[in-house]
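Below you'll find the structure, written out as C-alpha coordinates, and then a few comments.
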Amino acid sequence: DPKTKLFYCLGNHDSHNGSNAQLYIDSLSGKNKQYYNRFYGDDLDKEALVKGNRQVKINGYSFLALEADCDDNGYKWLESTLNSIVKENPQQTIFVFHHYAPASLAFASAGQNKKLRTVLEKFPQVIVFSGHTHSQIDFDNAMMQSDKGFISMTCGSANNLNDGRIITTSGGSPLNAPFCDMKGYYQGLAVSVGEG
(Lines give C-alpha, C1' and ligand atoms only; values in the text may rest on other atoms or scores of the structure.)
Protein backbone atom coordinates (compact mmCIF):
# COMPACT_ATOMS: atom_id res chain seq x y z
CA ASP A 1 0.00 0.00 0.00
CA PRO A 2 1.65 3.25 -1.09
CA LYS A 3 0.09 4.98 1.91
CA THR A 4 1.98 2.73 4.35
CA LYS A 5 4.87 4.61 5.94
CA LEU A 6 8.23 2.86 6.13
CA PHE A 7 11.03 3.14 8.70
CA TYR A 8 14.40 1.63 7.93
CA CYS A 9 17.93 1.52 9.31
CA LEU A 10 21.09 1.88 7.21
CA GLY A 11 23.41 -1.16 7.10
CA ASN A 12 27.16 -1.50 6.68
CA HIS A 13 26.95 -1.57 2.86
CA ASP A 14 24.75 1.53 2.77
CA SER A 15 26.98 4.23 4.20
CA HIS A 16 29.89 5.03 6.44
CA ASN A 17 29.35 7.60 9.18
CA GLY A 18 26.20 8.73 7.39
CA SER A 19 28.07 9.52 4.16
CA ASN A 20 25.25 8.24 1.93
CA ALA A 21 22.28 9.11 4.15
CA GLN A 22 21.36 12.17 2.08
CA LEU A 23 21.57 10.06 -1.09
CA TYR A 24 18.98 7.66 0.38
CA ILE A 25 16.78 10.57 1.43
CA ASP A 26 16.90 12.06 -2.06
CA SER A 27 16.45 8.80 -3.97
CA LEU A 28 13.64 7.42 -1.81
CA SER A 29 11.90 10.78 -1.76
CA GLY A 30 11.45 10.65 -5.53
CA LYS A 31 11.04 13.49 -7.97
CA ASN A 32 10.06 16.72 -6.24
CA LYS A 33 10.16 14.87 -2.88
CA GLN A 34 6.81 13.24 -3.68
CA TYR A 35 7.54 10.25 -1.42
CA TYR A 36 9.39 12.11 1.33
CA ASN A 37 6.52 11.81 3.83
CA ARG A 38 6.25 8.07 3.29
CA PHE A 39 9.86 7.49 4.35
CA TYR A 40 10.86 10.53 6.41
CA GLY A 41 7.82 12.64 7.23
CA ASP A 42 7.61 11.39 10.83
CA ASP A 43 11.31 11.80 11.68
CA LEU A 44 11.57 13.99 14.76
CA ASP A 45 15.24 14.93 14.38
CA LYS A 46 15.86 16.18 10.85
CA GLU A 47 19.47 17.09 11.66
CA ALA A 48 20.27 13.52 12.77
CA LEU A 49 18.42 12.13 9.74
CA VAL A 50 21.05 13.45 7.30
CA LYS A 51 23.66 11.36 9.17
CA GLY A 52 21.51 8.21 8.96
CA ASN A 53 20.26 8.39 12.57
CA ARG A 54 16.51 8.38 12.98
CA GLN A 55 13.82 8.95 15.58
CA VAL A 56 10.09 8.46 15.09
CA LYS A 57 7.13 7.91 17.36
CA ILE A 58 4.53 5.31 16.40
CA ASN A 59 1.42 4.87 18.53
CA GLY A 60 3.22 6.47 21.46
CA TYR A 61 6.34 4.27 21.21
CA SER A 62 9.77 5.63 20.32
CA PHE A 63 11.71 3.97 17.48
CA LEU A 64 15.35 4.89 16.90
CA ALA A 65 17.75 3.82 14.15
CA LEU A 66 21.49 4.29 14.45
CA GLU A 67 23.59 4.39 11.28
CA ALA A 68 25.76 1.26 11.02
CA ASP A 69 29.23 2.77 10.94
CA CYS A 70 28.59 5.89 12.96
CA ASP A 71 31.35 7.72 14.80
CA ASP A 72 31.33 8.78 18.46
CA ASN A 73 28.85 11.55 17.62
CA GLY A 74 26.33 8.89 16.62
CA TYR A 75 26.61 7.15 19.99
CA LYS A 76 26.36 10.50 21.76
CA TRP A 77 23.19 11.23 19.76
CA LEU A 78 21.76 7.83 20.71
CA GLU A 79 22.48 8.28 24.41
CA SER A 80 21.17 11.85 24.48
CA THR A 81 18.00 10.86 22.62
CA LEU A 82 17.40 7.89 24.91
CA ASN A 83 17.90 10.12 27.95
CA SER A 84 15.28 12.56 26.64
CA ILE A 85 12.77 9.78 25.97
CA VAL A 86 13.30 8.19 29.39
CA LYS A 87 12.97 11.56 31.12
CA GLU A 88 9.57 12.00 29.47
CA ASN A 89 8.36 8.44 30.17
CA PRO A 90 10.69 6.26 32.30
CA GLN A 91 8.67 3.02 31.93
CA GLN A 92 8.03 3.18 28.17
CA THR A 93 9.62 0.46 26.04
CA ILE A 94 11.97 1.94 23.42
CA PHE A 95 12.84 0.18 20.16
CA VAL A 96 16.36 0.66 18.78
CA PHE A 97 17.56 -0.58 15.39
CA HIS A 98 21.26 -0.96 14.59
CA HIS A 99 22.89 -3.10 11.94
CA TYR A 100 25.42 -4.56 14.39
CA ALA A 101 24.41 -6.40 17.55
CA PRO A 102 25.47 -5.20 20.98
CA ALA A 103 28.62 -7.08 22.07
CA SER A 104 28.39 -10.43 23.85
CA LEU A 105 24.64 -10.84 23.44
CA ALA A 106 23.53 -12.04 20.04
CA PHE A 107 24.76 -15.47 19.03
CA ALA A 108 27.10 -14.27 16.31
CA SER A 109 30.60 -13.15 17.10
CA ALA A 110 31.06 -11.16 13.87
CA GLY A 111 30.02 -7.54 13.80
CA GLN A 112 29.32 -7.05 17.47
CA ASN A 113 29.47 -3.56 18.85
CA LYS A 114 30.95 -2.72 22.27
CA LYS A 115 30.04 0.98 22.11
CA LEU A 116 26.40 0.15 21.42
CA ARG A 117 26.30 -2.19 24.41
CA THR A 118 27.91 0.46 26.65
CA VAL A 119 25.16 2.94 25.76
CA LEU A 120 22.28 0.48 26.01
CA GLU A 121 23.37 -0.83 29.42
CA LYS A 122 22.05 2.46 30.85
CA PHE A 123 18.56 1.83 29.44
CA PRO A 124 16.87 -1.41 30.57
CA GLN A 125 13.66 -0.40 28.75
CA VAL A 126 15.30 -0.86 25.32
CA ILE A 127 14.70 -3.68 22.87
CA VAL A 128 17.37 -3.58 20.17
CA PHE A 129 17.02 -5.25 16.76
CA SER A 130 20.16 -6.04 14.76
CA GLY A 131 21.33 -8.01 11.76
CA HIS A 132 24.64 -8.29 9.86
CA THR A 133 25.39 -11.94 10.66
CA HIS A 134 23.24 -13.74 8.05
CA SER A 135 22.60 -16.33 10.76
CA GLN A 136 19.41 -18.22 11.49
CA ILE A 137 17.03 -16.82 14.07
CA ASP A 138 15.19 -19.95 15.14
CA PHE A 139 17.44 -20.58 18.14
CA ASP A 140 16.99 -19.61 21.77
CA ASN A 141 20.02 -17.32 21.72
CA ALA A 142 18.66 -15.22 18.86
CA MET A 143 16.87 -13.30 21.62
CA MET A 144 18.86 -12.53 24.75
CA GLN A 145 18.55 -10.23 27.73
CA SER A 146 21.63 -8.46 29.05
CA ASP A 147 22.53 -8.50 32.70
CA LYS A 148 21.61 -4.78 32.69
CA GLY A 149 18.10 -5.49 31.42
CA PHE A 150 17.88 -4.46 27.77
CA ILE A 151 16.85 -7.11 25.23
CA SER A 152 18.72 -7.95 22.04
CA MET A 153 16.89 -9.47 19.05
CA THR A 154 18.74 -10.92 16.06
CA CYS A 155 16.85 -10.30 12.81
CA GLY A 156 16.86 -12.76 9.94
CA SER A 157 18.72 -12.49 6.69
CA ALA A 158 16.92 -11.55 3.51
CA ASN A 159 19.35 -13.69 1.53
CA ASN A 160 22.59 -15.64 1.61
CA LEU A 161 22.28 -17.44 4.92
CA ASN A 162 25.83 -17.62 6.22
CA ASP A 163 27.64 -20.18 3.98
CA GLY A 164 25.80 -23.19 5.34
CA ARG A 165 26.86 -22.72 8.95
CA ILE A 166 25.08 -21.56 12.06
CA ILE A 167 27.27 -18.99 13.76
CA THR A 168 27.22 -19.37 17.52
CA THR A 169 29.16 -17.99 20.45
CA SER A 170 31.21 -21.18 20.37
CA GLY A 171 32.23 -20.60 16.76
CA GLY A 172 29.65 -22.40 14.65
CA SER A 173 28.41 -25.86 13.86
CA PRO A 174 27.59 -27.41 10.47
CA LEU A 175 24.06 -27.08 9.22
CA ASN A 176 22.58 -30.13 7.52
CA ALA A 177 21.84 -28.42 4.23
CA PRO A 178 23.96 -27.68 1.15
CA PHE A 179 24.99 -24.06 0.64
CA CYS A 180 22.94 -23.76 -2.55
CA ASP A 181 19.80 -24.48 -0.49
CA MET A 182 20.79 -22.04 2.23
CA LYS A 183 21.16 -19.11 -0.20
CA GLY A 184 17.42 -19.20 -0.78
CA TYR A 185 16.47 -19.64 2.86
CA TYR A 186 14.84 -16.51 4.21
CA GLN A 187 13.88 -15.60 7.75
CA GLY A 188 12.56 -12.49 9.43
CA LEU A 189 10.61 -11.21 12.40
CA ALA A 190 7.01 -10.08 12.57
CA VAL A 191 6.63 -8.13 15.80
CA SER A 192 3.40 -6.80 17.21
CA VAL A 193 3.47 -4.09 19.84
CA GLY A 194 0.47 -3.78 22.07
CA GLU A 195 -0.69 -3.55 25.61
CA GLY A 196 0.72 -6.39 27.60
Side-chain angles (χ1 to χ4, degrees), residues 5-18 21 24-25 39-40 42-108 110-135 137 141-158 187-194 196:
K5 293 187 177 183
L6 302 173
F7 177 76
Y8 69 87
C9 177
L10 292 174
N12 65 311
H13 293 284
D14 302 323
S15 70
H16 175 71
N17 193 19
Y24 277 86
I25 293 167
F39 289 94
Y40 308 106
D42 293 331
D43 277 74
L44 301 173
D45 188 339
K46 301 298 185 191
E47 190 175 315
L49 174 60
V50 299
K51 294 296 278 180
N53 302 318
R54 308 190 59 194
Q55 177 187 11
V56 301
K57 212 159 208 182
I58 304 171
N59 294 332
Y61 289 94
S62 292
F63 290 77
L64 307 177
L66 184 64
E67 196 269 339
D69 294 317
C70 64
D71 59 14
D72 285 341
N73 290 325
Y75 296 105
K76 288 176 186 171
W77 171 84
L78 177 64
E79 186 167 355
S80 172
T81 304
L82 286 168
N83 274 321
S84 296
I85 294 167
V86 169
K87 187 175 182 180
E88 183 182 315
N89 190 345
Q91 302 305 315
Q92 180 76 65
T93 300
I94 304 166
F95 300 93
V96 173
F97 296 83
H98 189 53
H99 188 69
Y100 300 111
S104 304
L105 270 184
F107 57 16
Q112 292 188 346
N113 189 301
K114 290 179 182 175
K115 288 183 179 180
L116 178 65
R117 181 173 178 135
T118 300
V119 171
L120 296 183
E121 283 181 340
K122 302 169 188 173
F123 303 96
Q125 54 279 82
V126 163
I127 300 175
V128 61
F129 293 84
S130 59
H132 188 69
T133 65
H134 294 259
S135 296
I137 61 174
N141 55 359
M143 179 178 82
M144 298 181 78
Q145 186 167 19
S146 78
D147 55 353
K148 303 289 185 179
F150 76 88
I151 295 171
S152 176
M153 304 283 295
T154 302
C155 299
S157 174
Q187 287 185 318
L189 300 174
V191 180
S192 177
V193 179

ask   = After noting the C-alpha distance and the side-chain angles of Ser15 and Glu67, does the key distance pass the side chain to side chain donor-acceptor pair (under 3.5 Å) rule?
value = CA-CA 8 Å; Ser15 70; Glu67 196 269 339; 2.5 Å; yes
message = Between Thr93 and Val193, is there a side-chain heavy-atom distance shorter than 4.5 Å?
response = no
message = Using side-chain heavy atoms (C-beta onward) and a distance below 4.5 Å, is Asp69 in contact with Leu10?
response = no
Gln92 side chain to Ser62 side chain, donor-acceptor N/O pair below 3.5 angstrom = no
query = So which of Leu64, Leu66, Val96 actually passes side chain to side chain contact (heavy atoms under 4.5 Å, CB included) with Val128?
reply = Val96
Nearest heavy-atom neighbours spanning [X] and [Y]:
{"X": "Phe150", "Y": "Pro102", "answer": "CE1-CG, 3.7 Å"}
{"X": "Asn17", "Y": "Lys51", "answer": "O-NZ, 3.2 Å"}
{"X": "Asn12", "Y": "Tyr100", "answer": "CB-OH, 3.0 Å"}
{"X": "Asp14", "Y": "Cys9", "answer": "OD2-O, 4.5 Å"}
{"X": "Ile94", "Y": "Ile85", "answer": "CD1-CG2, 3.6 Å"}

Enter the distance from [X]:[atom1] to [Y]:[atom2] here, rounded to the nearest 0.5 Å.
{"X": "Glu79", "Y": "Leu120", "atom1": "CD", "atom2": "CG", "value": "9.5 Å"}
{"X": "Leu6", "Y": "Asp42", "atom1": "CG", "atom2": "CG", "value": "11.0 Å"}
{"X": "Glu88", "Y": "Asn83", "atom1": "CD", "atom2": "CG", "value": "13.0 Å"}
{"X": "Gln55", "Y": "Leu82", "atom1": "CD", "atom2": "CG", "value": "9.0 Å"}
{"X": "Leu78", "Y": "Lys115", "atom1": "CG", "atom2": "NZ", "value": "12.5 Å"}

ask   = Would the number of heavy atoms belonging to other residues, nucleotides or ligands and lying under 6.0 Å from NZ of Lys87 be above 12?
value = no
key: Pi-cation contact, Tyr40 with Arg54 (under 6.0 Å, within 45°)   = no
message = Please identify which of these residues, Phe97, Tyr8, Phe7, meets the ring pair (Phe, Tyr, Trp, His ring centres under 6.0 Å) condition with Phe129.
response = Phe97
inquiry  = Can you tell me which residue among Asp45, Asn53, Asp72 is in a side chain to side chain donor-acceptor pair (under 3.5 Å) with Trp77?
reply    = Asp45
ask   = Can Asp147 and Arg117 be counted as an ion pair, charged N to O under 4.0 angstrom?
value = yes
